Amino acid sequence: MRLTRYFLPALKEAPADAQIISHQLMLRAGMIRQEAAGIYAWLPLGFRVLKKVEKIVREEMDRAGAVELLMPTLQLADLWRESGRYDAYGPEMLRIKDRHERELLYGPTNEEMITEIFRAYVKSYKDLPLNLYHQQWKFRDERRPRFGVMRGREFLMKDAYSFDIDEVNARKAYNRMFVAYLNLFARMGLKAVPMRADTGPIGGDLSHEFIVLAETGESQVFCHSDLVEMGAPGPDVDWYGDLQLHVDKRTSLYAATEEMHDAAAFDALPEEKKLSARGIEVGHIFYFGTKYSAPMNAMVTGPDGKQVPAQMGSYGVGVSRLVGAIIEASHDEKGVIWPAAVAPFEVAVVSLRADDADVTAACETAYGQLIKAGVDALYDDTPERPGAKFSTMELIGVPELIVIGPKGLKTGVVELRNRKAGTTEEMSLEAAINRCLAGRKA
RNA sequence: CGGAGUAUAGCUCAGCCUGGUAGAGCGCUUGCUUCGGGAGCAAGAGGUCGUUGGUUCGAAUCCAGCUACUCCGACCA
């Protein structure tokens, strides 16, 4: 993308409304624009990041055996009356009437609808296990939206729903999502720690929140510090075999949010392993058995010929929230430091003198080769001054810069700058291009 | 939903207390000079001061209603 043809309304000053760093940086970098309280337009740069997060979520869900579909944003109130939640949900639910006075709602979640779809088609245990998911905009009329996309009213969420014949298999489905989440957040450069969450009326141990540690986190969390650096199992696990060890490895160490905190258990940890910090919830997985399948009559026939309500779980990821969470976890005083996997652009070619023919020729070479290789490259071909360009590139957090100016070209070198490391290296144009291409595969 | 605020140029804000017909910086346009860390000079464009009503000879300024937004708290992917 040539910057002269792009739409990047970056701001020098942060609008006064923004309180936390991710909100400020998203506004300053021209990623989002607030259209109403808790409702944002995603400008081109922000949209690129959102799409990359969405893509990683999709790839990891697919890998774990979930199947993508797309359910509508609007739902019929009658569907929610089947589960009893139409009256139970309260004013957070946005209720709408169409021209025929039919009651609709803008979906805050999709348990009812997915159960309705499931029951319409699936009748036998032979069709299980099944995990259906989508990534769709939700609306919850929060009393007090804040923190930009971290706590918006309209938000993009990945929600998956598992269906199994019994609890044993439901636990396996839960474990698949547990492991998929570890991989998914790790790919985005996040250290997300699974923590015991409230299981509500079902009870048991099958609900976890995935928490990213960040100073500006919304809630206080407590955990064994080993969990933070434990890493992810990776894609090569035996998805339909035994994942329990991966889950046990993490759930055996203490980790809880404030609501679930057990001070005595935490105090029992070795002093140097006690970690008390702020956290951002980026995912939540939940087993809820027959809470929806029973009242909504989503029955499957087992091998014994008996009909039982499906055992269900749901698995959410705050996709739009993740964009903010990643920034909270990765920034400095100059701007965002994107992990490469979610960076809006992987490399930027920065022309220091747009009116210099040699500089332009070198830039075109670099940009052309990067684009040809499928790299998301940005070419700053504007006539701005170098200082302004560097500031903008640092603000929007491009991981690698190839800086090309007349002085360097005279001695046959360009600069390769790494945003995260803060390093600048001089090398030939070809070497810089190759480094960017090579760094990608790693 | 309780409490507290804010609303003036694209952004950050001043002006309001003590009414007299709107300003600064940044950004934007044009020109010249600049050009390796958010340049300098010059000339410009841009605002029915959130909205409705009231007081007044006169309202950005005082009063009331409404709307939107923000902050603190309680609640949430």
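Note that this is a predicted model, so its numbers are computed, not measured. Residue numbers start from 1 in every chain, and the chains themselves are labelled A, B, ... in the order their sequence lines are given, proteins ahead of strands.
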Subject >> Closest nucleotide among B:A74, B:G36, B:C76 to the A:Glu415 side chain >> reply: B:G36
**OP:** Check every atom of B:A77, B:C72, B:C69 against the side chain of A:Arg140 and return the nucleotide holding the closest atom.
**Re:** B:A77
Original post:
On RNA chain B, nearest-nucleotide positions of A:Met150 versus A:Gly38: which is more 5'?
Top reply: A:Gly38
**OP:** Please tell me if the side chains of A:Met71 and A:Ile117 come closer than 4.5 Å, counting only heavy atoms from C-beta onward.
**Re:** yes
Original post:
Between A:Tyr89 and A:Trp80, does the ring centroid distance fall short of 6.0 Å?
Top reply: yes
Original post:
Between the base of B:C72 and the side chain of A:Arg146, is there a donor-acceptor distance below 3.5 Å?
Top reply: no
Subject >> Candidates B:A77, B:G36, B:C26 - which lies nearest the side chain of A:Lys407 >> reply: B:G36
**OP:** Would you mind telling me which residue lines up with the more 5' stretch of RNA chain B, A:Arg144 or A:Gly405, judged by nearest nucleotide?
**Re:** A:Gly405
Original post:
Does A:Lys55 come within less than 4.0 Å of A:Glu59, counting only side-chain N to carboxylate O?
Top reply: yes
**OP:** Taking only Lys NZ, Arg NE, NH1 and NH2, and the carboxylate oxygens of Asp or Glu, determine whether A:Lys191 and A:Glu229 approach each other closer than 4.0 Å.
**Re:** yes
Subject >> Opposite nucleotide pairing with B:C1, Watson-Crick or G-U, both atom distances under 3.5 Å >> reply: B:G73
Original post:
A:Ser391 has a side chain; which of B:G38, B:C75, B:C71 sits nearest to it?
Top reply: B:G38
Subject >> Proximal nucleotide (of B:G38, B:C76, B:G36) relative to the A:Glu92 side chain >> reply: B:C76
**OP:** Pick the C1' atom in B:A68 and in B:C49, then give their distance to the nearest Å.
**Re:** 16 Å
Subject >> Pairwise C1' distance for B:G47 and B:A42, with rounding to whole Å >> reply: 24 Å
Subject >> hbond_proxy A:Arg143 side chain to B:G3 base (donor-acceptor, 3.5 Å cutoff) >> reply: no
Original post:
Can you find a side-chain donor-acceptor pair between A:Gln220 and A:Thr257 that sits under 3.5 Å?
Top reply: no
Original post:
Looking only at side-chain N and O atoms, does A:Lys12 come under 4.0 Å of OP1 or OP2 in B:G27?
Top reply: yes
Original post:
Which whole number of Å gives the distance between the C1' atom of B:U61 and that of B:C17?
Top reply: 9 Å
Original post:
Below 6.0 angstrom between ring centroids: does that apply to A:His261 and A:Phe222?
Top reply: yes
Subject >> Inter-nucleotide C1' distance (B:U30, B:A64), Å rounded >> reply: 48 Å
Subject >> Side-chain touch A:Val323/A:Trp42, heavy atoms, less than 4.5 angstrom >> reply: yes
**OP:** Please work out if A:Glu384 contacts a base, only the sugar-phosphate, or nothing of the nucleic acid, heavy-atom cut-off 4.0 Å.
**Re:** nothing
Under 3.5 Å between N/O atoms: give me all the protein pairs with nucleotides 5-14 of chain B, atom names plus distance.
from	atom 1	to	atom 2	distance (Å)
B:C11	O2	A:Glu13	OE1	3.2
B:U12	OP1	A:Ala16	N	2.8

Original post:
P atom, B:C26 versus B:C41: distance in rounded Å?
Top reply: 9 Å
Original post:
Would you say the side-chain atoms of A:Glu281 and A:His284 include a donor-acceptor pair closer than 3.5 Å?
Top reply: yes
**OP:** For B:C16 versus B:G23, give the span between their C1' atoms, rounded off to a whole number of Å.
**Re:** 14 Å
**OP:** With heavy atoms under 4.0 Å as the rule, sort A:Asp355 into base, sugar-phosphate or nothing.
**Re:** base
**OP:** Would you indicate what A:Glu259 reaches in the nucleic acid, counting non-hydrogen atoms under 4.0 angstrom: base, sugar-phosphate, or nothing?
**Re:** nothing
Original post:
Can you tell me how far P of B:C76 sits from CD1 of A:Ile211, to the nearest Å?
Top reply: 13 Å
**OP:** Would you mind telling me which of B:G36, B:C35, B:U70 lies closest to the side-chain atoms of A:Phe390?
**Re:** B:G36
**OP:** Would you mind classifying the nucleic acid contact of A:Thr392 as base, sugar-phosphate or nothing, using non-hydrogen atoms under 4.0 angstrom?
**Re:** base
**OP:** Answer with base, sugar-phosphate or nothing: what part of the nucleic acid does A:Gly30 contact at a heavy-atom distance below 4.0 Å?
**Re:** nothing
Original post:
Between B:A74 and B:A14, how far is it from one C1' atom to the other, in whole Å?
Top reply: 37 Å
Original post:
Between A:Arg187 and A:Glu60, is there a side-chain N and carboxylate O pair less than 4.0 Å apart?
Top reply: yes
Original post:
Just checking A:Arg153: base, sugar-phosphate only, or nothing, at a heavy-atom cut-off of under 4.0 Å?
Top reply: nothing
Subject >> Distance in angstrom units between A:Glu35 CD and B:A68 P, rounded >> reply: 15 Å
Subject >> Whole-angstrom distance between B:G25 and B:G40, as gauged at atom P >> reply: 12 Å
